[in-house]
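Letters A, B, ... mirror the listed sequences (proteins, then strands); counts begin at 1.
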Amino acid sequence: MHHWLFKTEPHAYSFEQLRADRITPWTGVRNWQARNNMKAMEVGDLGFFYHSSIAQPCAVGICRVVKNAYPDFTQFDVQSEYYDATSRKERPKWYMVDVEYVEPLEHPVTLAQMRAEPRLDGMVLLRRGRLSVQPVTSREWEIVLGLAQQQ
DNA sequence: GCCAACGTTGGC
DNA sequence: GCCAACGTTGGC
């Protein structure tokens, strides 16, 4: 099993919303690296749910991949802000997975906390901040879970 | 709201 | 295929 991190602006889609929806398709990813990360996901993989673009950016919860990568329907929807006129149905450019609500972290783990933790030095979140769907190593996963249990 | 980082686009 | 210009993300 692999671990991941899903970044979202809570104004656009929050962990609370996922709790209400239970499952959501992770639409709108328009970055090749993030897309490739989703293609590498397998059903059952767990991810951190991360809230960005707020005063205290932080990981707030855990979610689970419940459907392997499949074409993101919003790329074909002219009404959608994610519409991509260059993508064709026979050969879709953009993929998404379905993620399911699992549970909140005991305490949110802020970006500042993660930066302050030397063992997380190599974390993609700290190195390539802009990538919206990221791999997390098993070691990093455990360390962040540990931080979530502190205060 | 600013702006650094960095991904993408397009001219050559 | 390089790289300058441009656009976007996201922390602060």
Handout entry: Span of DNA chain B, from the first to the last nucleotide whose atoms fall under 4.0 Å of chain A heavy atoms
Key =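 First and last nucleotides in contact are B:dA5 to B:dT8.
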Practice task
Quick one: list whatever passes side chain to side chain contact (heavy atoms under 4.5 Å, CB included) with A:T27, sequence neighbours left out.
Solution key: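 A:P25, A:D72, A:F73, A:T74, A:M96.
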Completion exercise
Sorted by chain and residue number, the side chain to side chain contact (heavy atoms under 4.5 Å, CB included) partners of A:E16 (sequence neighbours excluded) come out as A:S14, A:R19
Exercise for the section: Please work out if A:R115 contacts a base, only the sugar-phosphate, or nothing of the nucleic acid, heavy-atom cut-off 4.0 Å. Expected result: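 Here A:R115 touches the backbone only, sparing every base.
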Practice task
Using a cut-off of strictly less than 4.0 Å between a heavy atom of the residue and any atom of DNA chain C, enumerate the qualifying residues of residues 125-134 of chain A by number.
Solution key: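 Within this stretch, A:G129, A:R130 sit under 4.0 Å of the strand.
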Problem - Members besides A:L131 in its Ile/Leu/Val/Met/Phe/Trp/Tyr cluster (side-chain heavy atoms under 4.5 Å) - result: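 Answer for A:L131: A:V124.
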Problem - Spatial distance of atom CE (A:M38) from atom OG (A:S132) [nearest 0.5 Å] - result: 7.0 Å
Practice task
Using five pairs at either end of the helix from B:dG1-C:dC12 to B:dC12-C:dG1, determine the angle between the two local helix axes and round it to 10 degrees.
Solution key: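 About 10°, once rounded to a multiple of 10°.
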Exercise for the section: Check whether any side-chain heavy atom of A:W32 sits under 4.5 Å from a side-chain heavy atom of A:K93, and report yes or no. Expected result: yes
Is a donor from one side chain sitting under 3.5 angstrom from an acceptor on the other, for [X] and [Y]?
X: A:Y13; Y: A:D21; answer: yes
X: A:D98; Y: A:Y70; answer: yes
X: A:N37; Y: A:Q33; answer: no

Practice task
Applying ring-ring contact (aromatic ring centres under 6.0 Å, His included) between A:F6 and each of A:F48, A:F49, A:W26, report the one that passes.
Solution key: A:W26
Practice task
Following the transitive rule for hydrophobic clusters with a side-chain heavy-atom cut-off under 4.5 Å over Ile, Leu, Val, Met, Phe, Trp and Tyr, establish whether A:V133 and A:Y82 coincide in one cluster.
Solution key: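 No, it is not one cluster - the side chains of A:V133 and A:Y82 are not joined through contacts under 4.5 Å.
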